[in-house]
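When reading the values below, keep in mind they use all heavy atoms of this one structure, side chains included, and skip hydrogens, waters and symmetry mates. Note on naming: letters A, B, ... go to the chains in the order of the sequence lines (proteins, then strands), and numbering restarts at 1 for each one.
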Number of protein chains: 2
Amino acid sequence: VNEFDLIRTYFAAQSLARPDVQIGIGDDAAIVRPPPGTETVITTDVLVEGVHFFPDVDPAALGHKSLAVNLSDLAAMGAAPAWFLLNLTLPEPKASWLQALAKGMFALACEHQMQLIGGDTSRGPLAIGITAIGLVPDGTRLLRSGARPGDAICVTGALGDAALALAARRGKLSLRAEEIAAANERLDRPVPRVRAGMQLRDLASSAIDVSDGLLADLGHVLEASAVGARLTLQTIPLSSVYRAHLATIGWGYALAGGDDYELCVTIPRDNLERAKRSTEQNNLSLHVIGEIVPGHGIEIFDGAGQRYQPAGKGYNHFAAG
Amino acid sequence: VNEFDLIRTYFAAQSLARPDVQIGIGDDAAIVRPPPGTETVITTDVLVEGVHFFPDVDPAALGHKSLAVNLSDLAAMGAAPAWFLLNLTLPEPKASWLQALAKGMFALACEHQMQLIGGDTSRGPLAIGITAIGLVPDGTRLLRSGARPGDAICVTGALGDAALALAARRGKLSLRAEEIAAANERLDRPVPRVRAGMQLRDLASSAIDVSDGLLADLGHVLEASAVGARLTLQTIPLSSVYRAHLATIGWGYALAGGDDYELCVTIPRDNLERAKRSTEQNNLSLHVIGEIVPGHGIEIFDGAGQRYQPAGKGYNHFAAG
């Protein structure tokens with residue numbers, strides 16, 4: 001099997017053919033034509049074996065997740081997904097493994113009408129790089145820099161389950177089999193909040209996706225917007241699994257665990273009810289967890305009005321330990 | 001040093017700011033606005049340590065080459081470079097190494113008015129993935145599929161030097177110090193034929209860049225165009241270093257060595273003189289090496305009119321041996 005056959009066999013088999021793709025896989029480069037009146041939104045992320053996933057990862061889940069983390073970035077800009085490119089580096093090609101990877105990836109791609117338009121395959125340590133491209137109507141994109149004092153801070157779903165699954169896998173806490181299954185689903189198959197991002201485009205003042213942990217990612221919004229935040233600990237949404245163990249594990253995984261891929265958005269008070277209704281139409285709840293305030297940094301208060309001091313601030317690939 | 005600081009320090013320092021970039025590095029994704037009347041051309045390639053470069057590679061050369069191989073793909077479409085994204089996976093960040101990498105990359109980027117708009121940094125085995133995006137006026141892009149019988153087959157410069165450098169490095173042949181330096185320059189710092197690609201946009205019937213070896217890449221053009229080719233061995237351009245060793249090394253490196261990053265274009269006879277003049281304005285010679293013929297496959301004839309049978313057909317990452 002040579003690398004061209006590889007790409008053709010497993011990744012050129014996608015049935016979707018968007019009318020805005022002039023040239024897809026098979027030439028020196030792809031050619032697309034973004035529709036008039038749109039801005040083009042581009043993001044790229046790599047998942048590396050041993051860093052972002054375990055060597056025994058389910059290839060279908062890996063295919064899903066490697067695209068999902070990029071879709072999550074498009075969602076945070078309010079963009080509609082359009083095209084993607086895949087860079088696959090692997091020690092040796094195995095048909096069944098590649099088939100499963102492609103299946104997991106294309107299931108998510110097709111759900112979002114996203115066409116694979118190019119890529120590269122190489123021998124090397126296992127890593128999957130994806131470049132995802134989306135579209136927003138001119139001037140409607142969500143940025144990190146729009147948060148203003150008084151805006152509600154909201155998240156689109158429960159936080160901390162992915163970190164919980166990872167901790168259980170590493171033997172740091174003990175969960176029942178069905179709890180592990182539920183938490184693993186959040187770790188392995190995150191659901192990018194693409195529709196919510198598009199729905200909130202005209203209602204939110206800023207957005208980011210929670211990939212490095214709530215405090216770290218909200219911190220980026222605060223920095224870009226030159227504002228501060230006040231959070232109420234008990235309003236941070238938790239899954240039933242997380243809540244069942246809250247007394248022993250504390251809030252750390254929810255605040256700083258990362259890999260959640262929920263959106264964290266700020267919403268002017270006047271838009272809040274409309275924003276809640278529009279995400280609910282999409283079976284997603286918008287949870288208000290705090291408020292933007294003048295100043296800088298994040299203050300967290302517990303139910304009794306006491307300051308809560310978190311231990312960590314987010315996941316960092318190069319941090320010691 | 002954390003990964004965000006890393007990216008900011010060494011890669012957000014590019015001074016270029018294109019007016020068509022709405023949001024560059026620093027949000028969840030970049031936002032660009034391709035000008036009206038253009039098509040958007042997108043390519044991506046990864047260079048992996050131990051596969052595409054040696055562990056002791058000069059980081060400035062690596063920075064240059066990782067962008068150059070992508071620019072070469074844009075050149076083969078006739079596209080003007082515009083933006084790029086960088087995925088850097090590395091075992092640990094070292095300031096001096098990253099500085100040199102960024103310097104080599106940005107020197108080439110600035111030469112082509114190309115702005116870095118995003119990327120990702122991760123711990124892992126050393127690999128550099130780049131997604132490069134260019135623009136062509138509507139309907140003017142060069143494809144692999146346009147070659148027609150009678151068209152001249154041309155290349156933009158000498159072939160085989162990169163493979164020669166690699167062979168010398170592996171001890172397969174012995175070169176003098178200044179010969180090694182000249183050949184290494186072609187291997188380490190390939191010059192993507194961007195301007196030639198743009199100049200040939202209205203004159204060539206097809207184009208591809210020679211990355212896997214002339215025979216393999218011309219083969220892709222023939223397949224896409226459903227035609228054959230007849231080459232004259234002695235017309236294939238060689239460097240003076242290559243020519244000095246031709247008697248002992250033969251034509252293999254030039255025909256199938258790869259890593260050349262010259263363009264291989266087919267040009268209708270009526271356009272040939274104009275094509276030669278326009279590339280010469282750019283200090284680049286267009287060498288006619290053969291002709292497109294009906295049928296399929298490649299026939300090579302030597303100066304005496306005898307059929308020449310090449311040994312290999314191009315570089316393949318997954319081929320045995």
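In this structure, CG on A:Leu74 lies 9.5 Å from CG on B:Asp28, to the nearest 0.5 angstrom.
Considering all non-hydrogen atoms of both residues, A:Asp120 and B:Val46 come closest at OD2-N, 3.0 Å. Nearest heavy-atom pair, B:Arg33 versus A:Thr38, reported as atom, atom and distance to 0.1 Å: CG-O, 4.1 Å. Residues B:Arg144 and A:Asp27 approach most closely at N-OD2, 2.9 Å, considering heavy atoms.
For a residue to count as touching a neighbouring chain, one of its non-hydrogen atoms must lie under 4.5 Å from one of that chain's; by this rule B:Ile23 touches chain A with the side chain only. Only the side chain of A:Ile117 comes within contact range of chain B, judged by heavy atoms closer than 4.5 Å. For A:Gln22, the part sitting under 4.5 Å from any heavy atom of chain B is the side chain, from C-beta outward, and nothing else. For A:Thr89, the part sitting under 4.5 Å from any heavy atom of chain B is the side chain, from C-beta outward, and nothing else. Neither the backbone nor the side chain of A:Ala224 comes within contact range of chain B; no heavy atoms are under 4.5 Å apart. Contacts of B:Ala207 with chain A are made by backbone atoms alone, with heavy-atom separations under 4.5 Å and no side-chain atom involved.
The shortest distance between side-chain heavy atoms of B:Arg123 and A:Val48 does not fall below 4.5 Å. By the 4.5 Å heavy-atom criterion applied to side chains, B:Ile42 and A:Ile42 are not counted as neighbours. Inter-residue side-chain proximity for B:Ser122 and A:Val51 is flagged as met; some heavy-atom pair is nearer than 4.5 Å.
Taking chain B as the reference chain and counting heavy-atom pairs below 4.5 Å, the highest number among A:Arg141, A:Glu39, A:Glu49 is found for A:Glu39. Ranked by heavy-atom pairs under 4.5 Å with chain A, the first of B:Asn70, B:Leu86, B:Asp138 is B:Asp138. Heavy-atom pairs under 4.5 Å with chain B peak, among A:Ser72, A:Ala29, A:Ala127, A:Pro36, at A:Ala29. When each of B:Val32, B:Val41, B:Thr43 is checked for heavy-atom pairs under 4.5 Å with chain A, B:Val32 comes out on top. Taking chain B as the reference chain and counting heavy-atom pairs below 4.5 Å, the highest number among A:Val221, A:Val136, A:Thr131 is found for A:Thr131.
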